[in-house]
Amino acid sequence: LSQPIAGIVTDVDRIAKGDLDRKIASNEITEFQVLEQSINHMVTSLREALNTILLSETALRESEQKYRDLYLSARIALFEINLASNTLISGNQRLCDMFGAPSLEGVIGTSIFSDYADRKDMEAARVILSREGFFNGYEMQFRNPATGKVFWGEVAARLKNNGDIVEGSIVDITSRKEAEEELRTLYHELETRIAERTAELETAQGAYRQANTKLNLLNSVTRHDILN
């Protein structure tokens, strides 16, 4: 019996060290044949499970890479901020473009929002975030430190990691805000012109009424002179 047992022990040891293609050597003793089949079946199931895990890990890595690629190349600015240190811990290229940073590495660890966001807007956003835990469509002003240019951003943000991290996005809406301001200016000019035109018409109407009154008076005097 010692020789078959030693063979099984050797095979099991090889399997335990990672050789899942190893099979338990067959022998003629019935009890050992049952044990052999059981171990071989267990190893086959283990190998299949391991292959499934490996495939899942590969798919997960590919998914994470796709997400990372989308995150970095997104057309809207994406960010994560550590609230304790008030510093940026992750972002993408669009965020760098908005703030004039040559690379993402140059802004990671900096307080980019506190330094280049309108302070009143920033404080109001913090109040909403602490009260609600998130907000969407919040409009605030930022400054590009590279150009000094002020731009408008529409911000969405939410707390995560028990409130330690803020993640969110910024959409540059400067063109929209400028268009809205232009429309307001045009509307104001239109209102002014309408008011001026109305005043001109009222003046003209007053002059017409005055002239008409004088004409009626003249007609009355003329008629009186003719009758007498």
Side-chain angles (χ1 to χ4, degrees), residues 70-71 73-81 83 86 88 91-102 107 110-159 166-228:
L70 287 172
Y71 183 91
S73 62
R75 298 181 67 180
I76 62 174
L78 302 173
F79 64 85
E80 285 187 325
I81 299 174
L83 280 181
N86 203 31
L88 186 72
N92 66 347
Q93 184 58 46
R94 183 59 181 139
L95 184 72
C96 295
D97 296 340
M98 280 187 179
F99 288 92
V107 291
T110 66
S111 53
I112 188 170
F113 286 96
S114 296
D115 293 342
Y116 304 116
D118 182 89
R119 293 191 179 278
K120 290 183 179 179
D121 290 344
M122 197 69 176
E123 289 303 318
R126 285 182 177 274
V127 170
I128 298 173
L129 199 58
S130 62
R131 183 179 66 241
E132 306 292 340
F134 73 97
F135 58 75
N136 291 303
Y138 186 79
E139 297 179 359
M140 57 191 299
Q141 288 184 304
F142 301 91
R143 181 171 62 85
N144 183 322
T147 63
K149 183 180 179 181
V150 174
F151 65 92
W152 280 94
E154 185 176 85
V155 185
R158 72 181 183 95
L159 294 174
V166 178
E167 70 171 5
S169 63
I170 307 173
V171 178
D172 190 333
I173 59 169
T174 304
S175 297
R176 191 187 82 192
K177 298 294 285 187
E178 290 174 348
E180 289 174 353
E181 182 60 30
E182 186 175 355
L183 283 174
R184 279 192 293 269
T185 300
L186 291 174
Y187 182 74
H188 177 70
E189 290 179 356
L190 180 61
E191 284 188 323
T192 301
R193 290 180 182 179
I194 289 174
E196 291 174 351
R197 183 59 178 158
T198 301
E200 290 174 357
L201 289 173
E202 289 177 349
T203 300
Q205 288 176 350
Y208 171 78
R209 284 193 297 268
Q210 188 176 19
N212 192 50
T213 299
K214 289 181 179 180
L215 181 61
N216 290 335
L217 179 61
L218 180 62
N219 287 336
S220 298
V221 172
T222 303
R223 188 181 299 108
H224 181 270
D225 290 342
I226 293 174
L227 293 175
N228 291 322

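All values below were derived from every heavy atom in this structure, side-chain atoms included, with hydrogens, water molecules and symmetry-related copies excluded.
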Roughly how far, to the nearest 0.5 Å, is [atom2] of [Y] from [atom1] of [X]?
| X | Y | atom1 | atom2 | value |
| --- | --- | --- | --- | --- |
| E167 | L159 | CD | CG | 10.0 Å |
| I173 | Q141 | CD1 | CD | 9.5 Å |
| W152 | D172 | CH2 | CG | 12.0 Å |
| N136 | S169 | CG | OG | 8.0 Å |
| E178 | T185 | CD | OG1 | 11.5 Å |
| L78 | L95 | CG | CG | 8.0 Å |

Taking all non-hydrogen atoms of both residues into account, name the closest pair between [X] and [Y] and its distance.
| X | Y | value |
| --- | --- | --- |
| D97 | N144 | O-ND2, 3.9 Å |
| M98 | V171 | CE-C, 4.1 Å |
| A77 | N92 | CA-OD1, 3.6 Å |
| A146 | G100 | CB-O, 3.7 Å |

Legend entry - For S111, all residues meeting side chain to side chain donor-acceptor pair (under 3.5 Å), sequence neighbours excluded: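 Checked S111 against side chain to side chain donor-acceptor pair (under 3.5 Å); matches are D115.
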Inset, instruction - Check whether any side-chain heavy atom of D118 sits under 4.5 Å from a side-chain heavy atom of V150, and report yes or no. - result: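 Result no, sub-4.5 Å side-chain heavy-atom pair not found.
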List for me each residue that meets side chain to side chain contact (heavy atoms under 4.5 Å, CB included) alongside [X], sequence neighbours excluded, and say none if there are none.
| X | value |
| --- | --- |
| K149 | T147 |
| A179 | none |
| T110 | V107, I112 |

Under 3.5 Å donor-acceptor pairs involving side-chain atoms of residues 188-195, not counting sequence neighbours:
from, atom 1, to, atom 2, distance (Å)
E191, OE2, Y187, OH, 3.3
T192, OG1, H188, O, 2.9

Legend entry - Pairs flagged by salt bridge (charged side-chain N to carboxylate O under 4.0 Å, His left out) wherever residues 120-144 is involved - sequence neighbours left out: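 Residue pairs passing salt bridge (charged side-chain N to carboxylate O under 4.0 Å, His left out), neighbours aside: E139-R176, E139-K177.
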Legend entry - Contact list for residues 194-210, test salt bridge (charged side-chain N to carboxylate O under 4.0 Å, His left out), sequence neighbours left out: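 Sorted pair list: R197-E200.
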Inset, instruction - Only counting residues at least two apart or in another chain, list the ones meeting salt bridge (charged side-chain N to carboxylate O under 4.0 Å, His left out) with R119. - result: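 Expected list: none.
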Inset, instruction - Would you please name every residue forming a salt bridge (charged side-chain N to carboxylate O under 4.0 Å, His left out) with E181, sequence neighbours left out? - result: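 Expected list: R184.
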Inset, instruction - For the pair F151 and F142, name the ring-plane relationship: parallel under 30°, tilted 30 to 60°, perpendicular over 60°. - result: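 F151 vs F142 ring planes: parallel.
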Inset, instruction - Sequence neighbours left out, what passes ring pair (Phe, Tyr, Trp, His ring centres under 6.0 Å) with F135? Give chain and number order. - result: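 Checked F135 against ring pair (Phe, Tyr, Trp, His ring centres under 6.0 Å); matches are Y138.
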Inset, instruction - Would you please test I170 and I76 for side chain to side chain contact (heavy atoms under 4.5 Å, CB included) and show each step? - result: CA-CA 6 Å; I170 307 173; I76 62 174; over 6 Å; no
